[in-house]
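A short worksheet on the structure shown next.
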Amino acid sequence: MRLGVLDVGSNTVHLLVVDAHRGAHPTPARSEKTVLRLAERITRSGMLSKAGADELVRTVASAKESSVRLGCAEMMAFATSAVREAGNSAEVLRRVAKETGVDLQVLSGEDEARYTFLAARRWYGWSAGNLLVLDIGGGSLEIAAGIDEDPDFAWSLPLGAGRLTRTRFTSDPPQRGEIESATDWLAEQLAPVARRVAKFGQPDRVVATSKTFRTLARLTGAAPSSAGPRVRRTLTEAGLRQLIAFISRMSAGDLAELEGVSPSRAHQLVAGALVAQATMRALSLPELEIGPWALREGVILRRLDQTNGGDHTVSSD
């Protein structure tokens with residue numbers, strides 16, 4: 001069966017097409033990305049701007065056409081923090097459905113964490129033991145852990161790389177004082193979370209997903225994406241600390257020139273690095289492993305689990 005999953009995130013709209021069936025390894029067939037930066041299209045009143053909504057409708061319609069052309073039996077579509085937090089979210093969703101025929105569902109932050117955890121669990125298997133999974137998005141940070149396929153806890157915090165860039169930085173590159181202030185603020189925000197995580201015991205394996213973590217790992221020496229998903233990639237706190245000292249003095253334009261850095265995300269790389277460092281420090285993690293599967297794969301895997309059932313929605317059980 002060929003399935004498509006459309007992920008409407010804070011930065012990009014990503015269509016992933018896979019060939020798979022229940023119990024099989026999903027094989028990627030096509031990936032299409034469109035940079036919309038929806039989180040930056042939120043007005044001061046908290047609404048998604050008309051221009052942003054217009055572009056979203058056009059992009060969803062284009063993705064639907066691609067899924068049909070590529071032979072998808074079904075396209076699941078979901079949106080995360082940018083649409084979730086917009087004051088006119090319901091209106092935008094109704095417009096998307098009316099003009100494109102696509103039922104764009106909004107995932108809660110907890111659902112994001114749970115689907116991402118499922119993807120990591122399936123990739124690493126039961127041998128990973130007590131698994132801790134971290135994911136940094138444009139608007140939020142997800143943390144989940146447990147020994148089963150459904151995590152013992154799944155939390156979402158408003159500590160995304162894009163959000164931090166918009167709310168804590170006023171210049172490019174950020175001023176030293178802004179970086180120090182953001183670092184202290186992140187430590188304060190994560191301290192109570194760290195205490196809660198500690199109650200669930202020491203993790204046997206720590207996995208980080210998302211473009212932010214992959215980019216940071218690449219910049220500290222991890223293998224490029226061309227090496228394939230099965231190459232082990234890690235990010236150390238020591239390496240990250242050295243990287244931050246380097247990139248925090250660079251403009252977004254200069255960062256975009258670095259190998260492995262996406263031009264569309266270069267402006268929020270420093271903030272993403274600070275979130276990653278603060279999380280690793282708060283949870284006492286000297287090293288973590290970069291996982292190749294994340295939210296989109298989790299949604300596909302859950303859908304495949306339900307192949308023989310009647311519930312084919314994206315929402316969690």
Side-chain angles (χ1 to χ4, degrees), residues 9-14 33-44 48-49 51-52 55 59 80-82 85 134-141 157-190 208-226 233-281 288 290:
S10 297
N11 294 303
T12 62
V13 175
H14 187 169
K33 299 179 184 179
T34 303
V35 177
L36 288 190
R37 294 185 179 177
L38 289 179
E40 298 176 18
R41 305 295 188 91
I42 302 297
T43 65
R44 290 186 177 182
L48 179 63
S49 68
E55 283 202 49
T59 303
T80 55
S81 64
E85 296 173 10
L134 312 173
D135 185 287
I136 299 173
S140 59
L141 163 70
L157 304 151
L159 302 177
R163 189 192 301 271
L164 193 70
T165 301
R166 294 190 301 275
T167 60
R168 308 293 301 194
F169 299 159
T170 60
S171 61
D172 177 24
Q175 300 172 21
R176 179 181 294 275
E178 291 178 331
I179 291 177
E180 293 175 350
S181 175
T183 298
D184 292 342
W185 180 78
L186 285 168
E188 293 175 1
Q189 298 300 307
L190 287 164
T209 67
S210 76
K211 180 65 173 178
T212 294
F213 273 119
R214 289 197 300 273
T215 299
L216 295 172
R218 178 72 186 101
L219 291 174
T220 56
S225 58
S226 59
R233 298 172 175 86
T234 62
L235 177 65
T236 65
E237 199 277 328
L240 182 57
R241 183 174 63 252
Q242 294 175 358
L243 177 65
I244 290 174
F246 175 64
I247 64 174
S248 61
R249 298 192 296 268
M250 301 175 64
S251 69
D254 289 336
L255 289 172
E257 297 297 322
L258 297 178
E259 184 179 357
V261 176
S262 170
S264 65
R265 295 174 184 264
H267 67 295
Q268 62 186 44
L269 181 61
V270 173
L274 293 180
V275 174
Q277 182 184 56
T279 305
M280 294 179 74
R281 286 179 172 176
L288 45 79
I290 307 301

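Below, all heavy atoms of this structure are taken into account, side chains as well, without hydrogens, waters or symmetry copies. Bear in mind that the values here come from a model prediction, so they are computed numbers and not experimental data.
A256 and P263 get closest at one heavy-atom pair: CB-CA, 4.0 Å. Closest of all the heavy-atom pairs between L216 and A276 is CD1-CB, 3.8 Å. Counting all heavy atoms, side chain and backbone alike, L288 lies closest to A208 at CD1-CB, 3.6 Å. The nearest pair of heavy atoms linking P173 to S171 is O-OG, 2.9 Å. In plain terms, the two heavy atoms of T234 and A217 that are nearest each other are O-CB, 3.7 Å.
In this structure L255 satisfies the side-chain contact (heavy atoms from CB on, under 4.5 Å) test together with I247, M250, L258, A266, L269, V270, sequence neighbours excluded. A search for side chain to side chain donor-acceptor pair (under 3.5 Å) contacts involving S10 returns S81, not counting sequence neighbours. Judged as a side chain to side chain donor-acceptor pair (under 3.5 Å), and not counting sequence neighbours, the contacts of T209 are D135. Among residues two or more places apart in sequence or in another chain, the side chain to side chain donor-acceptor pair (under 3.5 Å) test is passed with S225 by none. In this structure, S49 has no side chain to side chain donor-acceptor pair (under 3.5 Å) partners at least two apart in sequence or on a different chain. Here R214 pairs with K211, I290 under the side-chain contact (heavy atoms from CB on, under 4.5 Å) rule; sequence neighbours left out.
Considering CG of L134 and CG of L141, their distance stands at 7.0 Å, rounded to 0.5 Å. To the nearest 0.5 Å, atom CD of residue E55 and atom CG of residue L38 are 8.5 Å apart.
Within the structure, salt bridge (Lys or Arg N to Asp or Glu O under 4.0 Å) contacts touching residues 251-275 (residues at least two apart or in different chains) are R218-E259. Sorted by first then second residue, the salt bridge (Lys or Arg N to Asp or Glu O under 4.0 Å) pairs that include residues 271-281, not counting sequence neighbours, are E237-R281. Sorted by first then second residue, the salt bridge (Lys or Arg N to Asp or Glu O under 4.0 Å) pairs that include residues 161-182, not counting sequence neighbours, are E85-R163.
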**Request:** Go through the steps for L164 and Q268 under the test side chain to side chain contact (heavy atoms under 4.5 Å, CB included), then give the verdict.
**Result:** CA-CA 8 Å; L164 193 70; Q268 62 186 44; over 6 Å; no
**Item:** Verdict with supporting geometry, T12 and T34, side chain to side chain contact (heavy atoms under 4.5 Å, CB included)
**Value:** CA-CA 6 Å; T12 62; T34 303; over 6 Å; no
**Asked** Should T220 and L235 be marked as a side chain to side chain contact (heavy atoms under 4.5 Å, CB included) after you check the CA-CA gap, both sets of side-chain angles, and the distance that decides it?
**Response** CA-CA 7 Å; T220 56; L235 177 65; 3.5 Å; yes
**Item:** Derivation of the side chain to side chain donor-acceptor pair (under 3.5 Å) call for S210 and T212
**Value:** CA-CA 5 Å; S210 76; T212 294; 4.7 Å; no
**Request:** Check the pair E40 / H267 against side chain to side chain contact (heavy atoms under 4.5 Å, CB included), numbers first and verdict last.
**Result:** CA-CA 12 Å; E40 298 176 18; H267 67 295; 2.8 Å; yes
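In this structure, the side chains of F246 and L219 stay at 4.5 Å or more apart for every pair of heavy atoms. With contacts defined as side-chain heavy-atom distances shorter than 4.5 Å, the pair R41/L36 does not qualify. Counting only heavy atoms from C-beta outward, the side chains of F213 and T279 never approach each other to under 4.5 Å.
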Show me the side-chain donor-acceptor pairs of residues 182-190 shorter than 3.5 Å, one per line, residues at least two apart or across chains.
from, atom 1, to, atom 2, distance (Å)
T183, OG1, I179, O, 2.8

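Side-chain atoms of R233 come within 3.5 Å of backbone atoms of A223 as a donor-acceptor pair (strictly under, hydrogens ignored).
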